[in-house]
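Report on the following structure.
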Amino acid sequence: MTVRTRFAPSPTGYLHLGGLRTALYTYLFARKMGGVFILRIEDTDQEREVPGAIDRIYASIREAGLTYDEGPNVGGDYGPYIQTQRRHLYAPKAWELVERGGAYPCFCTKEWLEDARKACEARGETFKYDKHCLGISKEEAKRRIDAGEPYVIRQNVPLTGKASFDDVLFGHIEVDCSTLDDSVLMKADGLPTYNFANVVDDHLMGITHVLRGSEYLSSSPKYNLLYESFGWEKPVYVHLPVVMRDASHKLSKRFGDPSFEDLLQRGFLREAIVNFIALLGWSPGDDREFFTLPELEEVFDLKGLNKSPSIFDMDKLTWMNSEYVRRMPFEDYLAMATPWFEAAGVAHLDTRRLAELMQGRTEVLDRIPPMVDFLATMPDFDVALYTHKKMKTDPQVAAQALALAKSVLVTISDWREEVIHESLMAAIAASGMKNGQVLWPLRIAISGRESTPGGAIEIAYLLGKEETLRRLERSIAVLP
RNA sequence: GCCUCCGUGGUCUAGUGGCCUAGGACACCGCCCUCUCAAGGCGGCAACACGGGUUCGAAUCCCGUCGGAGGUGCCA
C-alpha cells in the first residue's frame, strides 16, 4: 500500500515554524516511505482567512524545498485540494451520517448556546450540549429546513462508553464519551468545520498517515467515532508536540517570534533552518547534526520523534547557520553577501577580499552591515581604545606606533597586502617594538573599532592607500 | 473546574532494567593560538521534577504528588 500523507494548513497568516516542522516531518515520512505528499488548504473558516496567506504558504513550502505531489496548483487525482472548492462534497456526507445515526440537524442559535455556555461557566461546570435537537423528528426537521430556518449538523456522540484512538507516538488514548460534546460538523453557512472536513477529506483523498499538531490529540477520539459511523478505514495517527518559545508559551507572532519568512529575510539560510527544525523534536538516534534535505529523506524515522514540546533556541539556530555559511562555496557566499555589502555602503571596495575575510565570521547575513560599515565611514572613537594591556599599548605608545606606521605606509606605491605586511613588519622589527604595539594602535586608528573582521593590514588594504593615510593622519592629529 | 498528554543540564537531545561515576551539541566560563574579532585546540560548570514502591539492580517498570502543555468554539 502506498503511503499518502498530507499537510493541511489554514490560510490565516504566514507559515510559522511549528507549521513548517509539521510540514517537514509529513514530507519526510512520505519520501522515506516512497509515498505521496499532498498539500491541502483548509479554508473553511471564511472569517479568519487572510488575503494573500495562501500564496505565502506556497512560497514558504517551496522555499523550504518541500515538493508536493498533489495539491492546488499541482493537481492530482483527488482534487480539488482547497476545501472551499470542495464544498459540495460535505453536505451529502453529513446527511449520510445523519441517516446512520452518527449526526443530527440542530436549530439552536449561536446566541442561545452562548448564554447556556456562560451560565454553565458561572456554575463552574463544563458546558455540554444537551442533544436538545436530537429529539426533533425527521419530518419536522425537513419542514424547518425547507422553510429556510438556519441549522447546523452535529455529531451524535454516544452518552456512554469509551472513545479511543491509537497514536504512533502517544500510544492508546481513551476517553469516556460522557466527557465529549456533540461538536458541530456542518456550519450554518453550509461549510464544514475542521472536525468534519478533515475526516471526509482524509478519507476521500486516501490519506494513510495523518501527521498533525498535538492540539488535535484530545479531539481525535471523536474523529474515530466518525470513521466508525461511516465504516471507513482509519488512518495511522502521529501527533506532533508543540514548538514553544519558552517553557510555557508556544511560538507566537504576538511575542515577536519569527516566522520562516522572517528568518529568511534576516539572512538565515533555508538549509540551515530546515536542518535545525528537523532536529527540534526529532533525533536520528546518534550524534549526527548536519543533514541536507535528501539525507533527511533517507534517515527520517518516526521512532526518533520526541513526545515532549521543544523550545525554539535561537542561539543554536544561529550557530548552525554560521556553520552553513562557513561551509558554503565562496562564490555563493559572495553572491549572498553582496546586497548586504551594498546596504553597508562598502560595495565599492574589493568585495571579494572583504567576503573572504567575512565568510568565516558571518553568523547571519543581517549582521554583516554593522561589522563592515566602519569601512565606509570612520566612526568616532575614544582614545582609551589605544590602551590594551596584553598588546602593551596606550596612547603614548600609539603616538610612536602611528608615526612609524605612517612613515612606512606613505612610501608604499604597490598597495597590496603582502607589500603592506612586509614593509610594516620590517619597520617594526627595526624599531624594536612588539608587533602588537604597532598593529593594534594602527588598526584602531584606521577603523575606530575595538574589533574588526581582519587585522590592521587587511583593513588598510581594503581602505586603500589614500583613505588609510587620511584616517591615520586624522587619528594622529587628535591624539592627546 | 473537567478531560487528555508531557516531564534527562539554561536549551536541543542520546538513553527502552545492568554497557550510566548518564553520552553528544548549543550557550556560558577558563586556557592556548593570535596584530583585534572570529575560527580552531584543550579544559570546566551543569540534568534523570519530587516521593513511594517492584527488582539482586531503575533515568528506564508501577502508583502518587508537583510542574507544564493541549482541549473544553457554527477556530483550525
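Each chain gets a letter, A, B and so on, in the order its sequence line appears, and its residues count up from 1. Treat the numbers as computed from the prediction; the structure is a model and nothing was measured. These numbers come from the heavy atoms of this one structure, side chains and all, not from hydrogens, waters or symmetry mates.
- Residue A:Leu169 contributes atom CG, which lies 10 Å from atom P of B:G7 at whole-angstrom precision.
- Pairing for B:G7 goes to B:C66, judged as Watson-Crick or G-U wobble with the two contacts each under 3.5 Å.
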Practice task
Classify every nucleotide of nucleotides 66-76 of chain B by which part a protein heavy atom approaches to under 4.0 Å, writing B for the base, S for the sugar-phosphate alone and - for neither, in 5'-to-3' order.
Solution key: --SSBSSSBBB
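- Heavy atoms of A:Gly454 sit under 4.0 angstrom from at least one base atom.
- For the pair A:Arg327 and A:Glu271, the salt-bridge criterion is not met [side-chain N within less than 4.0 Å of a carboxylate O].
- If you check residues 310-317 of chain A against RNA chain B, the residues with a heavy atom closer than 4.0 Å are A:Ser310, A:Ile311, A:Asp313, A:Asp315, A:Lys316, listed by number.
- The side chain of A:Trp319 contributes an N or O atom lying less than 4.0 Å from OP1 or OP2 of B:C26.
- The gap from the P atom of B:G9 to that of B:A47 amounts to 9 Å, rounded to the nearest Å.
- Look at CD1 on A:Ile420: it is 14 Å from C1' on B:C35, rounded to the nearest Å.
- At the heavy-atom level, A:Ile457 lies under 4.0 Å from base atoms of the strands shown.
- Side-chain rings of A:Tyr237 and A:Tyr223 stay apart, their centers remaining 6.0 Å or farther from each other.
- Closest to the side chain of A:Glu289, out of B:A25, B:C6, B:C35, is B:A25.
- Salt bridge status for A:Lys93 with A:Asp201: absent, with no side-chain N to carboxylate O gap under 4.0 Å.
- Here B:C37 presents its C1' atom at 7 Å from CZ of A:Arg443, a figure rounded to the nearest Å.
- Taking the side chain of A:Ile173 as heavy atoms from C-beta on, and the options B:C37, B:C35, B:C5, the nearest nucleotide is B:C5.
- Distance NZ (A:Lys392) to P (B:U36): 13 Å, rounded to an integer number of Å.
- No contact: A:Lys222 has no heavy atom under 4.0 Å from any strand.
- A gap of 16 Å separates the P atoms of B:U11 and B:A27, to the nearest Å.
- One distance of note links CD1 of A:Ile277 with CE of A:Met320; it measures 11.0 Å at 0.5 Å rounding.
- Nucleic acid contact class of A:Arg326 (heavy atoms, under 4.0 Å, all strands): sugar-phosphate only.
- Using a 4.0 Å heavy-atom cutoff across all strands shown, A:Met391 reaches sugar-phosphate atoms only and no base atom.
- Each of A:Met425 and A:Thr362 was assigned the nucleotide of RNA chain B with the nearest heavy atom; the assignment lying further toward the 5' end belongs to A:Met425.
- The separation between A:Asn306 atom CG and B:U11 atom P is 13 Å, rounded to whole Å.
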